[in-house]
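None of these values were measured; they are calculated from a predicted model. Positions are given from 1 along the sequence. Computation of the quantities below employed the complete heavy-atom set of this structure, encompassing side-chain atoms and omitting hydrogens, waters and symmetry-equivalent molecules.
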Amino acid sequence: MRRQAKFRPLLTAVFFLILCGLTYGRFISDQPDLVSDGVVRESKVPHFLRLHAAEETCEQTYGFLPCTSTGLGNLFLILVYGYLMFLAATYLSTGSELLLEILGPGIVGGLFLPILGALPDAMLILVSGLSGSVETAQSQVSVGMGLLAGSTVMLITVIWGTCIIVGKCDIENDLAIDSRDTKGLSLTGSGITTDVWTSYAGIIMAISVIPFVIVQLPQILHSDSGRHLSVLIALIVSVTSLISYCLYQVFQPVVQRRRLAFVKHKHVISGILRQLKMRSLGRLSTDDGKPNEEVLTKLFKAIDENDDGFLSQAELRALIVGIQFNEINMDEDDALAKVIKDFDTSLDSQVDLNEFVAGIGKWLEEAKGARGGSNQAGSMKYIDDYHKQTKREHELLGEQSDEIVEGVENPRSTSIKAGLLLLLGTLIAAAFADPLVDAVDNFSAATSIPTFFISFIALPLATNSSEAVSAIIFASRKKIRSASLTFSELYGAVTMNNALCLSVFLGLVYVRGLTWDFSSEVLVILIVCIVMGVFASVRTTFPLWTAILAFLLYPFSLALVYVLDYVFGWS
């Protein structure tokens with residue numbers, strides 16, 4: 001298997017050359033001085049398969065890549081070049097994962113990997129607007145817009161819904177239970193749950209559409225004078241969004257660890273309060289909400305085993321040992337440090353009675369303030385409610401212990417392999433992006449099918465297939481953690497499309513003086529991103545019925561563009 005993987009790029013190149021040799025095209029231009037033998041030879045391609053010629057002449061790309069002037073030939077080239085772009089995306093993805101194993105998250109995971117993931121799309125968008133004259137670029141730039149819209153819609157409709165189906169678990173108390181899938185295709189009782197960071201990723205995705213709104217303002221206001229300026233402003237906002245998103249990705253793990261540490265602190269509070277509640281012979285607080293000093297004094301003396309009037313670290317540790325912190329990954333030293341920090345106001349590393357009563361009183365007030373359950377006067381049920389709320393909050397934050405990467409056996413060879421894969425993927429994407437755009441444009445001319453629909457449907461399958469398959473496989477693990485990572489990846493890919501790819505697109509439009517005339521396409525992107533972003537922001541559990549809604553958004557997007565462009569004449 002390793003030997004096959006080693007020679008896979010070479011085999012791919014040989015396979016590509018063989019297929020290209022079979023392409024039905026015009027390799028020799030018609031010259032008037034050619035000698036004819038007087039025999040008219042019919043094409044071997046059946047008449048019902050021959051489509052109208054895209055153009056009168058055919059020019060080979062790079063001087064050796066095959067060309068064709070028929071619709072059938074260009075369809076073949078789209079499949080070949082699309083497969084090569086799929087390989088480029090696969091090599092980039094594999095190389096990125098290897099690099100992440102060595103260097104870990106942060107700069108690599110937050111900055112390089114999202115950019116590398118969007119590189120094939122960015123390449124295609126770039127070459128679509130650089131080709132030939134301004135008129136040619138204006139014609140081909142719709143390929144880039146179709147790819148941008150198609151990638152966005154496919155990722156958060158078809159792939160999003162598929163991940164819901166393959167990752168579904170039983171839902172109880174509005175929370176998916178890891179690895180338990182007994183309710184079948186229940187539309188409300190089965191689904192997935194993601195952590196709060198995934199919700200933030202969805203919100204960021206929705207916010208990332210702001211540059212689309214800015215560049216569309218002149219059309220909304222029916223103004224022609226401000227179109228060039230609006231493109232420039234949208235470009236600046238888009239580049240700023242790209243930088244901000246990368247910085248967020250770099251520093252988000254640090255913020256996540258701090259939030260997790262805070263929730264672990266709340267776990268210690270709720271655990272000790274529940275323990276004291278069970279051990280006490282009365283309520284921990286009085287009817288007016290103040291600490292019950294009589295009950296707390298008895299508890300203090302029960303914990304103070306040597307009767308010296310102080311709770312030492314050893315005595316507090318004995319209290320903590322009796323608490324089951326099964327829900328969280330926390331050691332006793334960490335829990336002890338949190339208790340000492342809250343109680344020991346005199347900083348003498350021990351807790352006296354007054355400090356104990358004051359500390360418990362502060363904790364009770366915090367539990368009351370976060371109460372989500374019983375509101376009965378004198379009831380201590382709010383302690384249990386506080387514990388349940390804290391447990392759910394921890395589950396939705398996501399534990400990071402499973403992200404720790406084991407040491408790589410041979411980091412040097414792995415680094416070289418990662419670098420070669422990234423280089424190979426980049427070279428393939430750069431080399432075949434332009435021929436793919438030309439093939440799409442020529443196929444459109446030969447078949448009268450708008451380039452937008454070809455690039456909207458076909459090209460995302462090439463540039464996002466590896467990412468989609470990876471997301472679906474990861475979602476099938478049926479855990480909150482894997483679902484969170486899967487949907488964060490999908491939201492992040494769309495955000496990078498709206499930041500990096502749109503920046504490239506707007507830069508081309510501004511520099512080359514192209515016309516921005518993509519109102520229907522922009523509307524589709526806005527609708528899908530906002531709908532799915534609002535979904536992600538208002539809930540963390542997604543029942544199976546949400547997958548149906550996501551699937552319906554895909555044909556709706558295609559139909560909307562067609563109606564707006566070809567019925568109402570928006571473009």
Side chain to side chain donor-acceptor pair (under 3.5 Å) partners of residues 146-155, not counting sequence neighbours, each pair once: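 Listed by first then second residue: Asp121-Ser151, Ser151-Asn464.
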Show every side chain to side chain donor-acceptor pair (under 3.5 Å) that has at least one partner inside residues 205-217, sequence neighbours left out.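 Those involving residues 205-217 are Ser208-Asn498, Gln216-Trp516, Gln216-Ser519.
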side-chain hydrogen bond (donor to acceptor under 3.5 Å, both in side chains) partners for Ser476, two or more places apart: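 Result, side-chain hydrogen bond (donor to acceptor under 3.5 Å, both in side chains) vs Ser476: none returned.
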Which residues satisfy the side-chain contact (heavy atoms from CB on, under 4.5 Å) test with [X], sequence neighbours excluded?
{"X": "Gln138", "value": "Val141, Leu514, Thr515"}
{"X": "Ile165", "value": "Leu544, Ala547, Phe551"}
{"X": "Leu422", "value": "Leu92, Ser96, Leu99, Leu116"}

Taking ring pair (Phe, Tyr, Trp, His ring centres under 6.0 Å) as the definition, give me every residue that meets it alongside [X], ordered by chain and number, with sequence neighbours left out.
{"X": "Tyr562", "value": "Tyr566"}
{"X": "Phe474", "value": "none"}
{"X": "Phe456", "value": "Phe452, Tyr554"}
{"X": "Tyr248", "value": "none"}

Pairs where residues 150-168 contributes a residue and the test salt bridge (Lys or Arg N to Asp or Glu O under 4.0 Å) is met, not counting sequence neighbours: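 Checked against salt bridge (Lys or Arg N to Asp or Glu O under 4.0 Å) - neighbours excluded - the pairs reaching residues 150-168 are Lys168-Asp181.
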Using modelled atom types only, decide if a donor and an acceptor are shared between the side chain of Asp441 and the backbone of Val437 within a distance under 3.5 Å.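 Flag not set: sc Asp441 to bb Val437 has no pair under 3.5 Å.
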Does Val440 offer a backbone N or O that forms a donor-acceptor pair with the side chain of Ser444 under 3.5 Å?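 No, because the side chain of Ser444 does not come within donor-acceptor range (under 3.5 Å) of the backbone of Val440.
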In chain order, what residues pass the salt bridge (charged side-chain N to carboxylate O under 4.0 Å, His left out) check against Arg477, with sequence neighbours excluded?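 Partners of Arg477 under the salt bridge (charged side-chain N to carboxylate O under 4.0 Å, His left out) test: none.
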